[in-house]
Structures are given as C-alpha cells and as structure tokens.
2 protein chains.
Amino acid sequence: EQATVRAITHDLSEAKVTVSGVADQPGVAARLFRSLADHGVNVDMIVQNASAEGVTDISFTVPHADLDESMRVVAAVQPELGIREFAAEPGIARVSVIGAGMKSNPGIAASMFECLAEAGINIEMISTSAIRISCVVDQDQAEQAVAVLHAAYELDKSEY
Amino acid sequence: EQATVRAITHDLSEAKVTVSGVADQPGVAARLFRSLADHGVNVDMIVQNASAEGVTDISFTVPHADLDESMRVVAAVQPELGIREFAAEPGIARVSVIGAGMKSNPGIAASMFECLAEAGINIEMISTSAIRISCVVDQDQAEQAVAVLHAAYELDKSEY
Ligand SMILES: C[C@@H](O)[C@H](N)C(=O)O
Ligand SMILES: C[C@@H](O)[C@H](N)C(=O)O
C-alpha cells in the first residue's frame with residue numbers, strides 16, 4: 001500500500017462554487033459550462049453526484065480571480081436552469097494523494113480519509129482518478145492535512 | 001480546442017453505489033471506505049459534493065462482481081453512519097474525454113456536455129482531472145455517447 005503513493009500535493013489557488021437544486025435533465029450542465037467558458041472562466045475541477053427526486057447539485061472550482069465572474073454567470077443562468085441556490089466558497093484547499101495502481105489498492109483511499117479524520121479535518125468534496133485521490137478541505141487545515149498525510153505515507157517531501 | 005482532445009474512452013465494467021444523507025463530519029468517509037477495503041471491494045471512482053444542512057451524499061463505482069458485497073457492507077455501517085438511504089445502479093457507463101491542458105481550455109467540458117445534451121443523453125455524474133473529463137451515463141446510451149463525441153472531436157478511433 002505504501003509503495004504506491006508517490007506524493008502529496010495541495011492547491012490553495014482556487015475557490016469552489018456550488019450550484020444546488022438543478023434539474024437532472026440533458027442540457028443543464030451544457031448550458032452552465034458553456035456560459036462559464038464564453039465568459040472566459042477557467043473551470044478546473046467539476047463534481048456532480050447522483051440526483052434525488054430529479055434534482056442534483058454541481059460544484060466546480062475556479063481560480064480566485066475568476067470567482068466574481070463565475071457568480072455573475074451563475075446568477076444570469078439561474079432562472080433558465082431553475083437553480084434553487086448557489087454559493088461561493090473561497091476558503092478551500094485541495095489536498096491530493098498521488099500514486100499508481102490506486103484502483104487495485106482499495107485501502108489507499110480509506111487510509112487517506114482515516115488520516116484526515118484522525119486530525120479532525122472534515123472532507124468537503126472528493127474526486128478521484130486512476131492516479132490521484134483529491135479532497136477539498138478548509139484552507140486553514142491545508143498545512144495540517146499535508147503534514148499528517150506525509151507522515152502516514154512516509155514521504156519526505158511533497159510537490160508544491 | 002480540438003487539438004487537445006486525444007481520445008474518447010468508455011467503461012461498462014462497473015456499477016455505481018450512492019449513499020445518501022450521511023453526516024458531513026470527520027470520520028464518515030474513513031469508516032465507509034475502510035469497511036469496503038476490509039471486505040476486498042475494489043472501489044474505483046469516488047464522488048462527493050458539498051453538503052447542505054450538514055448532510056451529503058457519496059457515490060462510488062465498483063466492478064459488477066463487487067456490487068453485492070458493497071451493498072452488504074453499506075447496510076452493515078448504515079446505523080453507525082446514519083445513512084438515510086443507499087442504492088445500487090448496475091446499468092451505468094463511464095464515458096471520458098481524454099486530452100491535455102483541459103484546465104486552460106474551458107470550452108472542452110462545455111462542448112462535451114453539449115454533445116451529450118444534443119443527443120438527449122442525461123449526465124448522471126461528473127468527475128474531472130487535469131487530463132480527463134468523465135461522465136456517467138445510462139449504459140444503454142454508451143455507444144451513442146462515444147459515437148457523438150467522436151464526431152464532435154473529429155477522432156477516428158477510440159480507446160477501448
Ligand atoms: C445535472 C446535469 O448534469 C444534467 N443531468 C445534464 O445532463 O445536463
Ligand atoms: C461526508 C464525509 O466526507 C465527511 N465530511 C468526512 O469527512 O468524512
């Protein structure tokens with residue numbers, strides 16, 4: 001398990017926008033992200049989970065410099081997309097465990113989450129890929145998160 | 001924009017489990033994924049979005065062969081984690097656009113979502129990384145999704 005984790009990274013350069021209560025039907029995500037793209041907003045992470053009762057939430061991260069523009073764009077499409085509410089969260093950090101073969105090591109995700117839990121760090125968002133597990137946490141806990149993850153995976157240095 | 005998309009992939013090998021209404025406090029994700037790991041469940045994709053009123057949902061994908069065991073594990077931790085409800089969805093496909101420099105090309109995500117919307121394909125889940133945008137769609141629409149995305153990005157062949 002230890003052998004597959006290569007680095008811990010963290011990123012404080014982005015803010016999160018959550019759009020809540022959108023209709024779970026074709027065209028909603030297209031309209032929202034086309035609007036953001038047309039306004040030059042550099043969307044990075046996008047997370048949408050399964051819907052309940054026909055509505056769902058979509059969160060995305062943007063550079064801090066694009067946050068105000070993102071909120072203007074979401075406000076402009078709110079009536080058309082039937083967005084119940086939307087909110088910005090500038091105070092976030094994305095902490096990631098980078099490795100190889102994560103899919104065949106189910107314990108890596110569990111140990112990352114355990115490590116954060118033992119340090120009392122709440123996980124606000126999760127997104128994974130074949131080589132990376134990312135958690136959004138409060139930016140005030142980013143340094144602590146990186147430190148406890150280093151210790152857990154016995155890594156000397158992180159990537160900045 | 002076209003230049004950065006390299007391939008379209010699709011994956012029918014997994015099922016999705018959604019755990020709804022868990023408390024958004026440290027330790028919940030750790031407990032759930034430790035249990036799954038201890039039972040040898042190979043979790044692949046994990047998606048958790050922002051919470052509302054202190055609760056949130058977590059979805060994850062597993063090989064079809066691990067679906068029953070996943071549901072047993074979730075049922076076993078349901079009281080301890082205060083899970084409101086959980087459900088399995090075996091009929092899914094993950095369709096991905098693979099490229100480079102996605103972060104600096106905000107139009108790529110928008111065009112992927114537009115392409116699926118125009119084909120009447122609903123997006124059930126979204127997860128992204130620096131080189132990949134993944135959408136979970138109904139498995140019955142996987143082939144159509146791959147075909148329309150190929151046409152949109154002018155790719156001759158996809159990775160299988
Ligand atoms: C919520 C949103 O993703 C919607 N399901 C769509 O396909 O656009
Ligand atoms: C919901 C779950 O991720 C919780 N916030 C935790 O930290 O475990």
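Chain letters run A, B, ... following the sequence lines, proteins first, then strands; residues in each count from 1.
When each of B:Ala109, B:Cys115, B:Ala52, B:Ala37 is checked for heavy-atom pairs under 4.5 Å with chain A, B:Ala37 comes out on top. Note on B:Glu89, B:Met125, B:Arg132, B:Met45: by heavy-atom pairs under 4.5 Å with chain A, the leading option is B:Met125. Contact count versus chain B (heavy atoms, under 4.5 Å) is highest, among A:Gly27, A:Ser59, A:Ser51, for A:Ser59. Considering only heavy-atom pairs separated by less than 4.5 Å from chain A, the leading option among B:Ala119, B:Ala29, B:Ala87 is B:Ala29.
A:Glu114 and B:Arg31 are not joined by a salt bridge, as no carboxylate oxygen comes within less than 4.0 angstrom of a charged side-chain nitrogen.
Between A:Leu81 and A:Leu32 the shortest side-chain heavy-atom distance falls below 4.5 Å. With contacts defined as side-chain heavy-atom distances shorter than 4.5 Å, the pair A:Gln48/A:Ile58 qualifies. For the pair B:Tyr153/B:Ile8, a side-chain contact is recorded, criterion being any heavy-atom separation below 4.5 Å from C-beta on.
In the hydrophobic cluster analysis, where Ile, Leu, Val, Met, Phe, Trp and Tyr join through side-chain heavy atoms closer than 4.5 angstrom, B:Phe60 is grouped apart from A:Val47.
Both the backbone and the side chain of B:Ile123 come within less than 4.5 Å of a heavy atom of chain A. Heavy atoms of B:Ser127 lying under 4.5 Å from chain A belong to its backbone as well as its side chain. B:Val41 touches chain A through its backbone: at least one of N, CA, C or O sits under 4.5 Å from a heavy atom, while the side chain does not. In this structure, chain B has heavy atoms under 4.5 Å from both the backbone and the side chain of A:Ile46. When heavy atoms are compared at a cutoff of 4.5 Å, B:Leu36 does not approach chain A at all. Of the two parts of A:Thr18, only the side chain, counted from C-beta on, holds a non-hydrogen atom closer than 4.5 Å to a non-hydrogen atom of chain B.
Residue B:Ala117 comes nearest to A:Ala30 through the heavy atom pair CB-CB, 4.2 Å, listed as atom of the first residue, atom of the second, then distance.
Screening A:Asn42, A:Val17, A:Thr61 against A:Asp66 for a side-chain contact (heavy atoms from CB on, under 4.5 Å) leaves a single residue, A:Asn42.
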